[in-house]
Peer 1: 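So that we are looking at the same thing, I have put the structure below in structure tokens.
Whatever order the structure lists ligands and atoms in, that order sets their numbers, starting from 1. Throughout, residue positions are numbered sequentially from 1 according to the sequence presented.
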Amino acid sequence: MELFGELRELADHSGIDYAGVADLAQAHDAVVEQGGPLVEGFPRCISLGIVLLDTIVDQLPNRSDRAVAVNYRLHAYDIINQRLDLAASLISGYLQQKGYRALPIPAAEHADDVRICASFSHKLGAHLAGLGWIGKSCLLVTPQHGPRVRFASILTDAPLASTGVLMEEQCGNCTECVEICPQQAFSGRPFRDDEPREARYDARRCQSYFNSMRDSGQLPVCGLCLYVCPYGKR
Ligand code: SF4
Ligand code: SF4
């Protein structure tokens with residue numbers, strides 16, 4: 001079996017719903033600008049995704065109910081991240097056994113607290129792997145599950161072919177995520193790979209909302225931009 005088939009089998013056994021491979025050469029400068037020496041030198045990324053439960057996401061408008069917030073935090077965030085990280089660890093170990101370099105990037109990581117981003121953009125990796133487009137919400141939007149998918153990534157030098165072509169942005173005239181955000185964090189501009197994230201999304205506004213919930217003793221949960229996207233709603 002070819003290498004990606006072996007990895008796909010491992011991913012399937014780990015409960016991974018989405019798996020793809022991206023060639024990072026096309027985004028080399030952006031990748032290095034975000035992650036620096038840690039991520040430089042890896043030509044490819046394996047993108048892994050798990051679909052969130054609709055029963056959890058559909059309750060987000062009622063997130064002031066603590067039971068709803070606790071369930072979302074646990075079942076749409078903490079446990080999904082752990083499952084992604086476990087799968088990324090298993091697959092990275094397998095690649096190392098085969099003689100390749102593999103660096104798992106945690107599903108939830110704020111490596112840079114000033115820019116509020118990770119050392120590698122899981123959304124960019126999934127987009128380059130052909131799994132979806134980056135929406136006006138700055139979330140990765142898949143045709144089938146919308147943004148209701150969490151992702152982790154593995155950077156590697158394993159000789160894997162890209163799994164897909166870049167998907168066209170399909171937000172069209174929709175602005176639902178822009179309108180629902182209680183912090184007006186989105187500008188409404190569609191994604192362009194020659195513009196910085198700040199042109200579309202003010203991460204500090206979102207972060208300050210979470211901080212204020214935390215400071216007032218609430219469990220910090222929002223996700224309305226994820227909930228509202230018509231591509232994920234059934
Ligand atoms: S999580 Fe909430 S506050 Fe943050 S960007 Fe999405 S809708 Fe806005
Ligand atoms: S809610 Fe609409 S504009 Fe926002 S990401 Fe989804 S399709 Fe795009």
Peer 1: Does the pair Asp17/Arg150 count as a salt bridge with the N-to-O cut at 4.0 Å?
Peer 2: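 Between Arg150 and Asp17 there is no salt bridge, as every charged N stays at least 4.0 Å from the carboxylate O atoms.
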Peer 1: Any salt bridge linking Asp23 with Arg44? Criterion: basic side-chain nitrogen under 4.0 Å from a carboxylate oxygen.
Peer 2: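 No, no charged N to carboxylate O under 4.0 Å.
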Peer 1: Please list, in number order, the atoms of ligand 2 under 4.0 Å from a heavy atom of Pro230.
Peer 2: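 So the atoms of ligand 2 that pass are 1 (S).
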Peer 1: Without hydrogens or angle criteria, can the side chains of Tyr231 and His145 be said to hold a donor-acceptor pair below 3.5 Å?
Peer 2: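 No, because no side-chain N or O of Tyr231 sits under 3.5 Å from a partner of the opposite role on His145.
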Peer 1: Within ligand 2, which atoms have a heavy atom of Tyr231 less than 4.0 Å away?
Peer 2: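 What qualifies from ligand 2 is 7 (S).
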Peer 1: Take atom 6 (Fe) of ligand 1 and tell me which protein N, O or S atoms are nearer than 2.8 Å.
Peer 2: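 Cys225 SG, with waters left out.
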Peer 1: What's the shortest distance from atom 6 (Fe) of ligand 2 to any protein heavy atom, and which residue and atom give it?
Peer 2: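 Looking only at protein heavy atoms, the one closest to atom 6 (Fe) of ligand 2 is Cys229 SG, 2.4 Å.
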Peer 1: Under 3.5 Å, is there a donor on one side chain and an acceptor on the other for Gln82 and Asp85?
Peer 2: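 Short answer, no.
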Peer 1: For the residue pair Tyr227 and Asp58, what are the closest heavy atoms and their distance?
Peer 2: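 Closest approach of Tyr227 to Asp58, heavy atoms only: CE1-O, 3.9 Å.
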Peer 1: Can you see whether Phe42 has Arg101 sitting over its ring - NZ or CZ less than 6.0 Å from the centre and within 45° of the normal?
Peer 2: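 Yes, cation above the ring, under 6.0 Å and within 45°.
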Peer 1: Atom 3 (S) of ligand 2: which protein heavy atom is closest, and how many Å away?
Peer 2: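 Ranked first by proximity to atom 3 (S) of ligand 2 is Cys174 O, 3.2 Å.
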Peer 1: Taking the basic N atoms (NZ, or NE/NH1/NH2) and the acidic carboxylate oxygens, is any pair closer than 4.0 Å for Glu6 and Lys98?
Peer 2: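 Salt bridge: yes.
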Peer 1: Verify the cluster assignment for Leu124 and Leu131: are they in a single hydrophobic cluster under the rule of side-chain heavy atoms below 4.5 Å apart?
Peer 2: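 Shared cluster, no.
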Peer 1: Please could you name the atoms of ligand 1 that Tyr209 approaches to less than 4.0 Å, counting only its heavy atoms?
Peer 2: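 This gives 3 (S) as the contact atoms.
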Peer 1: Only heavy atoms of Lys136, strictly under 4.0 Å: list the atoms of ligand 2 that pass.
Peer 2: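 Heavy-atom distances to Lys136 below 4.0 Å select 3 (S), 5 (S).
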Peer 1: Mark yes or no: Arg197 above the aromatic ring of Tyr201, with NZ or CZ under 6.0 Å from the six-membered ring centre and no more than 45 degrees from the axis.
Peer 2: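 No, cation not above the ring by the 6.0 Å, 45° rule.
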Peer 1: Is the distance from atom 8 (Fe) of ligand 2 to the nearest N/O/S atom of Cys171 under 2.8 Å?
Peer 2: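 Of the N, O and S atoms in Cys171, at least one lies under 2.8 Å from atom 8 (Fe) of ligand 2, which means yes.
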